[in-house]
Student: 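Can you read through this structure? Questions will come right after.
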Amino acid sequence: MTAAIALPRILRIGGGACRTAGDVLVQLGLSRPLIVTDNFVVAQGWAERLQADLASAGITARIFADTVPDPTVASIDAGLACLRQAAHDCVIGFGGGSPIDSAKAIAVLAAHGGAMADYKVPHVQDAPGLPVIAIPTTAGTGSEATRFTIITDEASDEKMLCAGLAYLPVAALVDYELTLTKPRRLTADTGIDSLTHAIEAYVSRRANPFSDGMALNAMRAIAANLRRACADPLDRAAREAMMLGATQAGIAFSNASVALVHGMSRPIGAHFHVPHGLSNAMLLPAVTAWSAPAALPRYADCARAMALADDKEGDQSAVARLVDELARLNADLDVPSPGQWGIDADRWNALVPLMCEQALASGSPANNPRVPNAAEMAELYARAWG
């Protein structure tokens, strides 16, 4: 079977990478960017500094800073209106997953028109939009290297998964120094998000040798450094490893797929506004335990990559260590259950059938080693509740 691999044309990785944005745009023949970001990045002074770096290369950039967490149709429409105020030839997504996902959506709508709902899976958008340059400020989503974006339809509370080569940035500037000010909660949530990307890419039915290598390397980096980065935000070696691991995990799942955790996680985020990495963390131990019997050797490889078991230990024992570690990681990083996070139990139970329906419709559960029906998924939601 042939694996179809797609990567950003340019990857610059390391401390100070974001300061090379002007050189990268010149290299790509681009000169009129819209910077899509959020108010935090503006408050940190990073957006203004990026403008200055671009100006030194002879490039004038405008800023749209009104992206929102879990970007919505309305927020994308606002960004698109801003872009249409000038003759922009590219979009720079600067921030966490939400600004980068917003930049991708704005770039596609700018070129092709229509409504965001027109682009949700099963539609695949390969025809390119405006070029996107991604500068991540969190080590988690991997959006800087993926061919996906996720936009919430606020009318239906559906997180729409949009897929295709149009969403793959042409360049990614991966600079771990931008993560040194991340608070512990965000470090934990985005870190578990990237770990979930790596594990799901590796056990996915669409895994391939290329994605396998990226996924295993990501697991090694994240498992060894996530607790360190949470304990000491200025641990530069841990931050650098987490940033690289997040990008590798993004490459892995973009070229394989995510699976059941992500399929079930998106509706939690859409209906209850739980941050994406946190909803993944809530589900990861239970879904892993349920899925593992269908791909025991693959999950055992994950345990070994995370230094939880060695080659001499049997697969069953190694996977037990993996499930225990995922639960322990949640405990160490203070990951709440849905109830502890403040979700109303009656509303949760009432929405479980719809969440199962939306998860199945996303297609991600079909990539899982063990594919659930709606009743099995409802039971997993119950286990995750705690």
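The basis for the numbers below is simple: all heavy atoms, side chains too, and nothing from hydrogens, waters or symmetry mates.
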Student: Where the side chain of Asn208 meets the backbone of Asn255, is there a donor-acceptor pair that is under 3.5 Å apart?
Tutor: yes
Student: Identify the heavy atoms of Ile106 and Leu80 that sit nearest to each other, and give their distance.
Tutor: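 Smallest heavy-atom distance, with atoms named: O-CD1, 3.9 Å.
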Student: Could you check if a side-chain atom of Leu34 sits within less than 4.5 angstrom of a side-chain atom of Cys82, using non-hydrogen atoms only?
Tutor: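 They are in side-chain contact.
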Student: Compare all side-chain heavy atoms of Thr149 with those of Leu161 and state whether any distance is below 4.5 angstrom.
Tutor: no
Student: Between Asp118 and Gly114 (side chain of the first, backbone of the second, donor and acceptor by atom type, cut-off under 3.5 Å), is there such a pair?
Tutor: no
Student: Before giving the answer on side chain to side chain donor-acceptor pair (under 3.5 Å), spell out for Ser317 and Glu313 the whole-Å C-alpha distance, their side-chain angles and the decisive distance to 0.1 Å.
Tutor: CA-CA 7 Å; Ser317 177; Glu313 189 161 1; 2.3 Å; yes
Student: Side chains of Ser265 and Lys159: donor-acceptor distance under 3.5 Å anywhere?
Tutor: no
Student: For Cys302 and Val203, work out which heavy atoms get closest and say how close.
Tutor: SG-CG1, 4.3 Å
Student: Sequence neighbours left out, what passes side-chain hydrogen bond (donor to acceptor under 3.5 Å, both in side chains) with Glu144? Give chain and number order.
Tutor: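 Scan of Glu144 (side-chain hydrogen bond (donor to acceptor under 3.5 Å, both in side chains), adjacent residues dropped) gives Thr247.
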Student: With sequence neighbours excluded, what pairs up with Arg206 under the side-chain hydrogen bond (donor to acceptor under 3.5 Å, both in side chains) test?
Tutor: none
Student: Taking only residues two or more places apart in sequence or in another chain, which ones pass side-chain hydrogen bond (donor to acceptor under 3.5 Å, both in side chains) with Asp38?
Tutor: none
Student: Check whether any side-chain N or O of Ser75 sits under 3.5 Å from a backbone N or O of Pro71 as a donor-acceptor pair, and report yes or no.
Tutor: no
Student: Kindly write out the residues that satisfy ring pair (Phe, Tyr, Trp, His ring centres under 6.0 Å) with Phe253, not counting sequence neighbours, or none if the list is empty.
Tutor: Phe148, His197
Student: Can a donor-acceptor pair be found, under 3.5 Å and without considering hydrogens, that links the side chain of Gln125 to the backbone of Gly164?
Tutor: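 No; judged by distance alone, with no hydrogens or angles, the pair does not exist.
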Student: Pro372: which residues meet the side chain to side chain contact (heavy atoms under 4.5 Å, CB included) condition with it, sequence neighbours left out?
Tutor: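 Leu260, Trp290, Pro365, Glu376, Met377.
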Student: We want to know whether Ser279 and Arg266 form a side-chain donor-acceptor pair, criterion being a heavy-atom distance below 3.5 angstrom.
Tutor: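 Looking only at side-chain atoms, Arg266 and Ser279 do not form any donor-acceptor pair under 3.5 Å.
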Student: Would you compute the distance between atom CE of Met306 and atom CG of Leu322 and round it to the nearest 0.5 angstrom?
Tutor: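 That separation rounds to 5.5 Å.
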Student: Please find the pair of heavy atoms, one from Pro136 and one from Ile100, that lie closest to each other, and give the distance.
Tutor: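 Residues Pro136 and Ile100, closest heavy atoms: CA-CD1, 3.8 Å.
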Student: Can a salt bridge be assigned to the pair Lys120 and Glu158 using a cut-off of 4.0 Å between side-chain N and carboxylate O?
Tutor: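 Salt bridge between Lys120 and Glu158, a charged N being under 4.0 Å from a carboxylate O: yes.
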Student: For the residue pair Pro8 and Val170, establish whether any side-chain heavy-atom pair is separated by less than 4.5 Å.
Tutor: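 Of all side-chain heavy-atom pairs linking Val170 with Pro8, none is under 4.5 Å.
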Student: Can a donor-acceptor pair be found, under 3.5 Å and without considering hydrogens, that links the side chain of His112 to the backbone of Ala127?
Tutor: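 Side chain of His112 to backbone of Ala127: a pair is present.
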Student: Tell me the closest heavy-atom pair linking Ser194 and Ala139, and the distance in Å.
Tutor: OG-O, 4.2 Å
Student: Is a side-chain N or O of Thr37 found less than 3.5 angstrom from the main chain of Ala65, in a donor-acceptor match?
Tutor: no
Student: Sequence neighbours left out, what passes salt bridge (Lys or Arg N to Asp or Glu O under 4.0 Å) with Asp189? Give chain and number order.
Tutor: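 So Asp189 forms a salt bridge (Lys or Arg N to Asp or Glu O under 4.0 Å) with Arg185.
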Student: Say whether, by atom type as modelled, one donor and one acceptor occur between the side chain of Thr137 and the main chain of Gly96 under 3.5 angstrom.
Tutor: yes
Student: Find out whether Cys162 and Tyr167 are in side-chain contact, i.e. whether some heavy atom of one side chain is under 4.5 Å from a heavy atom of the other.
Tutor: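 SC-SC contact between Cys162 and Tyr167 confirmed.
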Student: With a 3.5 Å distance limit and no angle check, can you tell me whether Asp89 reaches the backbone of Arg32 through a side-chain donor-acceptor pair?
Tutor: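 Flag set: sc Asp89 to bb Arg32 pair under 3.5 Å.
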Student: With a 6.0 Å cut-off (strictly less than), is the heavy-atom count around CD of Gln27, excluding the residue itself, greater than 12?
Tutor: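 Above 12, so yes.
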Student: With a 4.5 Å limit on heavy-atom distance, are the side chains of Tyr176 and Leu244 in contact?
Tutor: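 Result no, sub-4.5 Å side-chain heavy-atom pair not found.
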Student: So, Thr190 side chain and Leu186 main chain: donor-acceptor pair closer than 3.5 Å or not?
Tutor: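 Such a contact is found between Thr190 side chain and Leu186 backbone.
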Student: My understanding is that only residues two or more places apart in sequence, or in another chain, count here; which of them pass ring pair (Phe, Tyr, Trp, His ring centres under 6.0 Å) with Tyr381?
Tutor: Trp348
Student: Checking Gln85 against Arg62 for the side chain to side chain donor-acceptor pair (under 3.5 Å) test, could you report, in this order, the C-alpha distance in whole Å, the side-chain angles of both residues, the deciding distance, and whether it holds?
Tutor: CA-CA 10 Å; Gln85 292 171 4; Arg62 296 172 64 242; 2.8 Å; yes
Student: Sequence neighbours excluded, which residues qualify as salt bridge (Lys or Arg N to Asp or Glu O under 4.0 Å) partners of Glu379?
Tutor: Arg383
Student: Please determine whether side chain to side chain donor-acceptor pair (under 3.5 Å) holds for the pair Asn367 and Ser204, giving the CA-CA distance in whole Å, both sets of side-chain angles, and the decisive distance to 0.1 Å.
Tutor: CA-CA 5 Å; Asn367 300 320; Ser204 165; 5.0 Å; no
Student: In terms of hydrophobic clustering (I, L, V, M, F, W, Y; side-chain heavy atoms under 4.5 Å; direct or indirect links), are Val42 and Phe64 co-clustered?
Tutor: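 No, no single cluster joins them.
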Student: What verdict does the side-chain contact (heavy atoms from CB on, under 4.5 Å) test give for Cys230 and Leu333, after you've listed the backbone C-alpha separation in whole Å, the side-chain angles of each residue and the deciding distance to 0.1 Å?
Tutor: CA-CA 8 Å; Cys230 288; Leu333 300 185; 3.8 Å; yes
Student: Would you check if Ile76 and Leu109 make a side-chain contact, meaning some heavy-atom pair closer than 4.5 Å?
Tutor: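 Heavy-atom side-chain distance check passes, below 4.5 Å.
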Student: Which residues pass the salt bridge (Lys or Arg N to Asp or Glu O under 4.0 Å) test with Asp301, not counting sequence neighbours?
Tutor: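 Result, salt bridge (Lys or Arg N to Asp or Glu O under 4.0 Å) vs Asp301: Arg304.
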Student: Any idea which heavy atoms bring Asp315 and Ala300 closest together, and the distance?
Tutor: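 Scanning both residues, the minimum pair turns out to be OD1-CB, 3.5 Å.
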Student: Give me the atom names and distance for the closest heavy-atom approach of His271 to Ser156.
Tutor: CE1-O, 4.3 Å
Student: Tell me whether Glu154 contacts the main-chain N or O of Val73 through its side chain, where contact means a donor paired with an acceptor under 3.5 Å.
Tutor: yes
Student: Are Asp193 and His262 close enough that some pair of their side-chain heavy atoms sits under 4.5 Å apart?
Tutor: yes
Student: Does the pair Asp212/Arg298 count as a salt bridge with the N-to-O cut at 4.0 Å?
Tutor: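 Answer for the salt bridge query: yes.
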Student: Within the 4.5 Å heavy-atom criterion, are Leu168 and Thr146 side-chain neighbours or not?
Tutor: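 The answer is no, as the side chains (C-beta and beyond) never meet within the 4.5 Å cut-off.
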Student: Please round to the nearest 0.5 Å and tell me the distance separating atom CZ of Arg12 and atom SG of Cys18.
Tutor: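 Nearest 0.5 Å value for the CZ-SG distance: 12.0 Å.
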Student: Who pairs with Asp334 by salt bridge (Lys or Arg N to Asp or Glu O under 4.0 Å), at least two apart in sequence or on another chain?
Tutor: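 Only Arg184 meet the salt bridge (Lys or Arg N to Asp or Glu O under 4.0 Å) criterion with Asp334.
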Student: My understanding is that only residues two or more places apart in sequence, or in another chain, count here; which of them pass side-chain hydrogen bond (donor to acceptor under 3.5 Å, both in side chains) with Asp332?
Tutor: Arg227
Student: Can you pull the salt bridge (Lys or Arg N to Asp or Glu O under 4.0 Å) pairs that have at least one residue in residues 13-23, sequence neighbours excluded?
Tutor: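 For residues 13-23: Arg19-Asp53.
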